[in-house]
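Just so we're clear, the structure is a prediction, and the values are computed from it rather than from any experiment. Convention: sequence-line order gives letters A, B, ...; per-chain numbering from 1.
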Number of protein chains: 2
Amino acid sequence: MDGQPRYLWVADLLRRPILDGELEPGSRLPSRSRLARTYGVSEQVSRHALRLLVSEGLVEARPGSGYYVRTVPQIHRFSRTDRSSGAGVDPLQRADLGTRTETVCGIVARRLELRDGVRVFRTSCLGMADDMPVALHTAWEPAALTQGTLRTPADAEAGTSVLQRLGAAGVAIDRVVEEVGVRPLREPESSLLKLAPGLPVLVVERTHYQGRRPVETSDLVGSIDHCRLLYRLSLARSPKREGR
Amino acid sequence: MDGQPRYLWVADLLRRPILDGELEPGSRLPSRSRLARTYGVSEQVSRHALRLLVSEGLVEARPGSGYYVRTVPQIHRFSRTDRSSGAGVDPLQRADLGTRTETVCGIVARRLELRDGVRVFRTSCLGMADDMPVALHTAWEPAALTQGTLRTPADAEAGTSVLQRLGAAGVAIDRVVEEVGVRPLREPESSLLKLAPGLPVLVVERTHYQGRRPVETSDLVGSIDHCRLLYRLSLARSPKREGR
DNA sequence: AAGTGGTCTAGACCACTAT
DNA sequence: TAGTGGTCTAGACCACTTA
């Protein structure tokens with residue numbers, strides 16, 4: 001119990017039975033004052049230990065009630081390799097946030113290989129599960145592609161995939177590139193997802209290409225507790241050739 | 001400055017100039033006692049604010065010296081769709097951790113569709129950049145596949161891919177499934193990666209199949225600050241059929 | 001009404017860095 | 001040697017949940 005900070009020692013003592021399943025999900029942990037008395041530390045130390053467990057996702061704090069072992073959250077798997085149906089939040093219920101026309105800014109402009117200031121459609125939707133937001137999908141495409149047709153994101157029937165929609169407008173998408181990473185949640189997203197800004201979230205930056213030309217790009221932002229990405233890759237023919 | 005906790009208020013005041021680039025990466029922030037005096041809060045409040053920024057990855061604490069705006073970390077992109085070369089940490093320098101024989105446990109057994117207790121080879125390696133560990137790759141395969149041949153993970157020349165190696169042993173891999181997620185770093189991994197246990201890390205669980213039979217499965221664990229995953233998907237033929 | 005988590009104050013010591 | 005971050009103590013008030 002020495003050399004190591006006391007709050008880590010207390011956290012370890014609590015973490016063990018949680019990971020081993022001795023403390024069932026949903027059960028209450030000792031309160032921070034109780035812990036302090038039990039282990040002979042100050043209340044700040046027990047508080048520090050409990051907040052550490054919260055930040056690790058093992059424990060949930062319910063103000064006024066106590067600390068509880070977290071129930072294993074419902075995991076949603078997003079299959080990234082079937083392009084059969086709807087928008088980017090596929091297995092979930094979709095809550096459309098509409099389409100706006102805007103002039104494209106730095107990063108998105110680069111992904112679409114457009115000059116700054118070109119007009120694009122921005123379309124967003126939330127993926128919902130049990131009436132709770134789980135993932136946010138935001139897509140950008142050059143307005144010039146479909147403007148004036150009935151194939152704009154705003155005109156298309158709900159549930160139409162980009163491939164179908166742009167295909168009908170004469171744009172044959174044949175290549176998709178996805179980049180997956182984790183970053184802190186930013187502000188417009190955090191209020192939509194009802195998560196704290198700064199919380200790490202899983203991000204998929206996807207770009208659709210017709211040959212070398214990018215024709216649509218999107219961000220999928222999802223809670224790391226609830227979201228998994230699934231890729232089914234076929235190696236049917238020869239081993240893939242070198243890319244980069 | 002009201003309604004909101006003061007530490008969030010202080011954190012916001014610091015976050016703004018960092019994100020806007022007014023505070024250059026590497027520059028020092030005011031110390032916690034200086035901040036406390038400046039904004040008329042207690043030292044615990046300024047400390048809370050600074051630790052929040054640290055947890056968001058914007059700021060780095062150097063004990064005895066101060067808080068510094070973090071230098072943008074080197075990002076490493078792992079291309080998950082070329083299977084051309086070596087082990088699972090491809091663009092990086094590989095540090096082999098060897099191959100062990102072990103009896104398979106719960107989760108890995110399920111992924112390989114084996115009964116508990118079947119013998120498997122476990123092979124690990126670290127991906128290094130600038131002599132710092134960035135990602136950890138651990139692979140499991142049934143020992144029965146290659147035992148007695150010169151195609152075991154231990155016998156193969158370094159830099160041989162699973163596809164090549166098992167292919168030479170008569171196991172033709174034709175399908176790969178990857179599941180991407182984020183979870184807290186656990187103990188054996190954290191000391192190898194020299195990261196704190198509990199820190200969120202990007203995880204790719206990959207399974208190689210010959211037809212319906214899983215023949216190899218692996219975990220790629222990487223720091224969320226340094227790792228991105230790249231998927232290049234070709235839609236050359238008809239839209240992919242429905243899976244799952 | 002009692003207990004709880006979230007926040008806050010005003011101090012303190014240690015190991016470390018910078019000078 | 002002074003300053004810094006990490007840790008720690010011993011209190012406190014508030015809004016909330018629980019009974």
Problem - Aromatic ring pairing A:H48/A:Y7, orientation class (parallel under 30°, perpendicular over 60°, tilted between) - result: parallel

Handout entry: Partners meeting ring-ring contact (aromatic ring centres under 6.0 Å, His included) with B:F121 (sequence neighbours left out)
Key = none

Problem - Set of side chain to side chain contact (heavy atoms under 4.5 Å, CB included) partners for B:R34, sequence neighbours left out - result: B:P30, B:S31, B:R37, B:T38

Exercise for the section: Enumerate the residue pairs fulfilling salt bridge (Lys or Arg N to Asp or Glu O under 4.0 Å) with a member in residues 103-117 of chain B, sequence neighbours excluded, ordered by first and then second residue. Expected result: B:R111-B:E205, B:R111-B:D219

Practice task
Please determine if a side-chain N or O atom of B:Y67 lies less than 4.0 Å away from the OP1 or OP2 oxygen of D:dG6.
Solution key: yes

Handout entry: Members of residues 53-62 of chain B that approach DNA chain C, where some heavy atom sits under 4.0 Å away
Key = none

Problem - Check: B:T217 side chain, B:R206 main-chain N or O, donor-acceptor pair, under 3.5 Å - result: yes

Completion exercise
Rounded to whole Å, the OH-P distance (A:Y68 to C:dT4) equals 10 Å

Exercise for the section: Output yes when a side-chain donor or acceptor of B:S46 lies under 3.5 Å from a complementary backbone atom of B:R32, and no otherwise. Expected result: yes

For nucleotides 8-11 of chain C, which of its nitrogen or oxygen atoms have a protein nitrogen or oxygen under 3.5 Å away, and what is each distance?
{"residue": "C:dC8", "atom": "OP1", "partner": "B:R6", "partner atom": "N", "Å": "2.5"}
{"residue": "C:dC8", "atom": "N4", "partner": "A:Q44", "partner atom": "NE2", "Å": "2.7"}
{"residue": "C:dT9", "atom": "OP2", "partner": "B:S42", "partner atom": "N", "Å": "2.9"}
{"residue": "C:dT9", "atom": "OP2", "partner": "B:S42", "partner atom": "OG", "Å": "2.6"}

Exercise for the section: Describe, as an angle rounded to 10 degrees, how the axis at the first end of the helix from C:dA1-D:dT18 to C:dA18-D:dT1 is tilted relative to the axis at the last end, five pairs per end. Expected result: 0°

Problem - Side-chain donor-acceptor contact under 3.5 Å, A:R232 with A:S79 - result: yes

Handout entry: Selection residues 51-66 of chain B - residue pairs positive for side-chain hydrogen bond (donor to acceptor under 3.5 Å, both in side chains), sequence neighbours left out
Key = B:R15-B:E56, B:S65-B:Y68

Handout entry: All salt bridge (Lys or Arg N to Asp or Glu O under 4.0 Å) counterparts of B:E178, not counting sequence neighbours
Key = B:R80, B:R83

Handout entry: Name of the residue among A:T99, A:D96, A:T138 meeting side-chain hydrogen bond (donor to acceptor under 3.5 Å, both in side chains) with A:T123
Key = A:T99

Handout entry: Residues in contact with DNA chain D, drawn from residues 24-35 of chain B - heavy-atom cutoff 4.0 Å
Key = B:R28, B:S31, B:R32, B:S33

Handout entry: For A:E216, all residues meeting salt bridge (Lys or Arg N to Asp or Glu O under 4.0 Å), sequence neighbours excluded
Key = none

Fill in the blank from the handout: For A:R183, the salt bridge (Lys or Arg N to Asp or Glu O under 4.0 Å) test, sequence neighbours excluded, returns A:E189

Completion exercise
Hits for side-chain hydrogen bond (donor to acceptor under 3.5 Å, both in side chains) against A:S223, two or more places apart or cross-chain, chain-then-number order -> A:H226

